[in-house]
Undergrad: 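The structure is given below, and queries will be raised subsequently.
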There are 2 protein chains.
Amino acid sequence: MSTAEETAGGEAQAWGEVTPDAARRLLIAAVEAFAERGYHATTTRDIAGRAGMSPAALYIHYKTKEELLHRISRIGHEKALEILRTAARQEGTARERLAGAVSSFVRWHAGGRTTARVVQYELDSLGPDARDEILALRRQCDAEVRAIIEDGVAAGEFDVLDVKGTTLAVLSLCIDVARWFNVNGPWTPDEVGALYADLVLRMVGVGAK
Amino acid sequence: MSTAEETAGGEAQAWGEVTPDAARRLLIAAVEAFAERGYHATTTRDIAGRAGMSPAALYIHYKTKEELLHRISRIGHEKALEILRTAARQEGTARERLAGAVSSFVRWHAGGRTTARVVQYELDSLGPDARDEILALRRQCDAEVRAIIEDGVAAGEFDVLDVKGTTLAVLSLCIDVARWFNVNGPWTPDEVGALYADLVLRMVGVGAK
DNA sequence: TGCCGCACTAAGCGCCCGCTCACCTTCGGC
DNA sequence: GCCGAAGGTGAGCGGGCGCTTAGTGCGGCA
C-alpha cells in the first residue's frame, strides 16, 4: 500500500479516471493553468490552447469554466482523503499511524504541488453549492487526523493540550506545503515528509527517537 | 513597545501612514475587496465604490490596480517584519523570544486576517519587480526566526534536527493562520497565539512548561 | 471679487473575457 | 453507399474589464 503510491513520476496519472481522452487533457491543462496563474487569471482560451484544442472544444466536455475547477477540487480532495484514510487504518500504534499519515500527506502536497495548490487554495472561487460539497470532504480529512490524535491521547501515548487546535495546526502545516514547496528547492518530497512527521510527533508530545 | 501593538481593535489603524485621506480610504477598500474575492476577481469599480468614490478617482492616487496591491504588500510585510524584529530583540532566553515571536506573529495574522490574507496569498499577482522586492522582505522575516532558533541550538536550549527546515515550518504554520482563521470561530487571536507558541516550542524540542 | 489649481465625476474607449452557434469531418451500422 | 451521432472548428456575440479624457465644483489667495 505505502509503496508505489503516487510518489513517483509526473502528476498526470492521478486523472486516469477521467474518461474521454479529450476531457482528461483539458482537465490537466486546467490544473496547470490554475496552479500557475490562479483561477480568475486563467482564460478558457489558455486552457484549450494548452490542451491543443480550440476555445470552443472546452464547452463540449464541460458546461462552464467553474465546472472544471469543481471537478479538479472533488477528485483532489477525494485523493487526499484516501491517503489519510489509508494511513489511519494501518496497523500499529497511534504514533506510527500519525507519522505515516503526515509523511504521505505531505509527500502528496509536495510531489503533486501543482494539483494540491489548486485543490487547497482555489476553493473560494467555487460557487456556494460546490464549495459546500468540498468543505464536507475537508471535514472528513480533519476527522481522520483527529481520530488518530484522540487514539494516541486515550492510549497515553500523546500529550496534547488542545486536540481540536492541534489537529487544525497539523493539517494547516501539511497543506501549506503546497504553497511554498519548490521542485527546484533543496528538498525532495520524501525529505519534507520525513521532517514533517518528526515535527508533528513533537507537537503531540512524543520525542523524536 | 510590546504593549499596545496592533492587537486591539479594527484593522484600519495600521494604515495611518498613508497620507491623503482619499488614498487611505481607497487602500483600505482594496484590502477588503482583495481579501474577500482575491486580486484578479476584484474590479477597480468595486474598490472605488467601497471607498464611496467614482471609478476614475482611483487613478488620481494610484497609477494602476497593481500599484494598490504593491503598496498593501509592502506595508504589510514591513509590519510583519517589525513584529518579528521586536520579538527577536527582546531580552530573555531563546525560548522566551521564540514564544514571544510566534504568539505576536500569530496574533497579527489572526486579528488582522483581512490584511494578512492579502499580504501572504496575493503575492503571485504582482509583477516580477514588485514581487522581488516583497520576497526580499520575506527573507528578512525568515532570517529573524532562524536567528532565534540558531541561538537556542547554540545555547543548548533547543533540540533541532534541521534548522532551515524547522524555521520554514514554523513560519509556514504561522502564516497559514491567515487562511483558516475565522473571527466567528471558537478561538480568539490571543488563544491561537498561545496555542501556537506552545506547539512551536515543542517543535524545537522544549517541553510545554 | 476673480481666477487658478486640484480633487473628483460622467462618459466612454478599446480590449478581451466566457460562452455560443453554424458548420465541418470522421466513423460505425445497415 | 448513405446516414446520423459524436466531437471538433472559426467566427463572433454581449458584456464587463482596466484605464482615459473632457469637463465640473470648490477652496484659497491676490
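Numbers restart at 1 for each chain; the letters A, B, ... are given by sequence-line order, proteins then strands. Bear in mind the structure is a predicted one, so any value in this text is a computation, not a measurement.
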Undergrad: Report yes if the side chains of A/Val160 and A/Val163 come closer than 4.5 Å at any heavy-atom pair, otherwise no.
TA: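 SC-SC contact between A/Val160 and A/Val163 confirmed.
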Undergrad: What is the distance from atom CG of A/Asp151 to atom CG of A/Leu98, rounded to the nearest 0.5 Å?
TA: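 So the CG of A/Asp151 and the CG of A/Leu98 are separated by 10.5 Å.
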Undergrad: Could you tell me which residues satisfy side-chain contact (heavy atoms from CB on, under 4.5 Å) with B/Leu81, sequence neighbours excluded, listed by chain and number?
TA: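 side-chain contact (heavy atoms from CB on, under 4.5 Å) check on B/Leu81 returns B/Arg85, B/Leu137, B/Gln140, B/Cys141, B/Glu144.
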Undergrad: Both conditions, 6.0 Å and 45 degrees, for the charged tip of B/Lys164 above the ring of A/Trp187: are they met here?
TA: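 That pair qualifies as a cation-pi contact.
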Undergrad: B/Ile60 has an atom CD1; how far is it from atom P of C/dC8, in whole Å?
TA: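 B/Ile60 atom CD1 is separated from C/dC8 atom P by 6 Å.
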Undergrad: Quick one: does A/Trp108's side chain get under 4.5 Å of A/Val177's, heavy atoms only?
TA: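 A/Trp108 does not reach A/Val177 side chain to side chain.
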Undergrad: Relative to the ring of A/Trp180, is the ring of A/Tyr196 parallel (under 30°), tilted (30 to 60°) or perpendicular (over 60°)?
TA: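 Because their plane-to-plane angle lies in the 30° to 60° range, the rings of A/Tyr196 and A/Trp180 count as tilted.
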Undergrad: Check the interface with nucleotides 16-18 of chain C: list each N/O to N/O pair with the protein under 3.5 Å, or write none.
TA:
| residue | atom | partner | partner atom | Å |
| --- | --- | --- | --- | --- |
| C/dG18 | OP1 | A/Thr42 | O | 3.0 |
| C/dG18 | OP1 | A/Lys65 | NZ | 2.9 |
| C/dG18 | OP2 | A/Thr44 | N | 2.8 |
| C/dG18 | OP2 | A/Thr44 | OG1 | 3.1 |
| C/dG18 | N7 | A/Arg45 | NH1 | 2.8 |
| C/dG18 | O6 | A/Arg45 | NH2 | 3.0 |

Undergrad: Give me the bend of the helix from C/dT1-D/dA30 to C/dC30-D/dG1, using the axes of the five pairs at each end, rounded to 10°.
TA: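 The end axes of the helix from C/dT1-D/dA30 to C/dC30-D/dG1 are about 10° apart, to the nearest 10°.
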Undergrad: Which atom pairs, donor and acceptor, lie under 3.5 Å between side-chain atoms of residues 119-127 of chain A and protein residues at least two apart or in another chain?
TA:
| residue | atom | partner | partner atom | Å |
| --- | --- | --- | --- | --- |
| A/Gln120 | OE1 | A/Arg138 | NH2 | 3.0 |
| A/Gln120 | NE2 | A/His109 | NE2 | 3.0 |
| A/Tyr121 | OH | A/Asp176 | OD1 | 2.8 |
| A/Glu122 | OE1 | A/Tyr39 | N | 3.3 |
| A/Asp124 | OD2 | B/Arg117 | NH1 | 3.2 |

Undergrad: Show the numbers, then the answer: is there a side-chain contact (heavy atoms from CB on, under 4.5 Å) between B/His70 and B/Glu133?
TA: CA-CA 9 Å; B/His70 185 190; B/Glu133 184 197 330; 2.9 Å; yes
Undergrad: Atom CG of B/Leu195 and atom CG of A/Leu168: how far apart are they, to the nearest 0.5 Å?
TA: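 Going from the CG atom of B/Leu195 to the CG atom of A/Leu168 covers 9.0 Å.
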Undergrad: Do A/Phe105 and A/Val145 make a side-chain contact, defined as non-hydrogen atoms from C-beta onward lying under 4.5 Å apart?
TA: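 Result no, sub-4.5 Å side-chain heavy-atom pair not found.
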Undergrad: When you measure from the side chain of B/His77 to the backbone N and O of B/Ser73, does any donor-acceptor pair fall under 3.5 Å?
TA: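 Yes, the answer is positive, given that a donor and an acceptor are paired below the 3.5 Å cut-off.
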Undergrad: Can you find a pair of side-chain heavy atoms, one from B/Arg71 and one from B/Tyr62, that are under 4.5 Å apart?
TA: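 They are in side-chain contact.
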Undergrad: When you measure from every atom of DNA chain C, which of residues 46-57 of chain B have a heavy atom less than 4.0 Å away?
TA: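 Contacts with DNA chain C under 4.0 Å: B/Met53, B/Ser54, B/Ala56, B/Ala57.
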Undergrad: What range of DNA chain D does chain A touch, first nucleotide to last, counting atoms under 4.0 Å from its heavy atoms?
TA: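 Under 4.0 Å from chain A, the extent on DNA chain D is D/dG8 to D/dG12.
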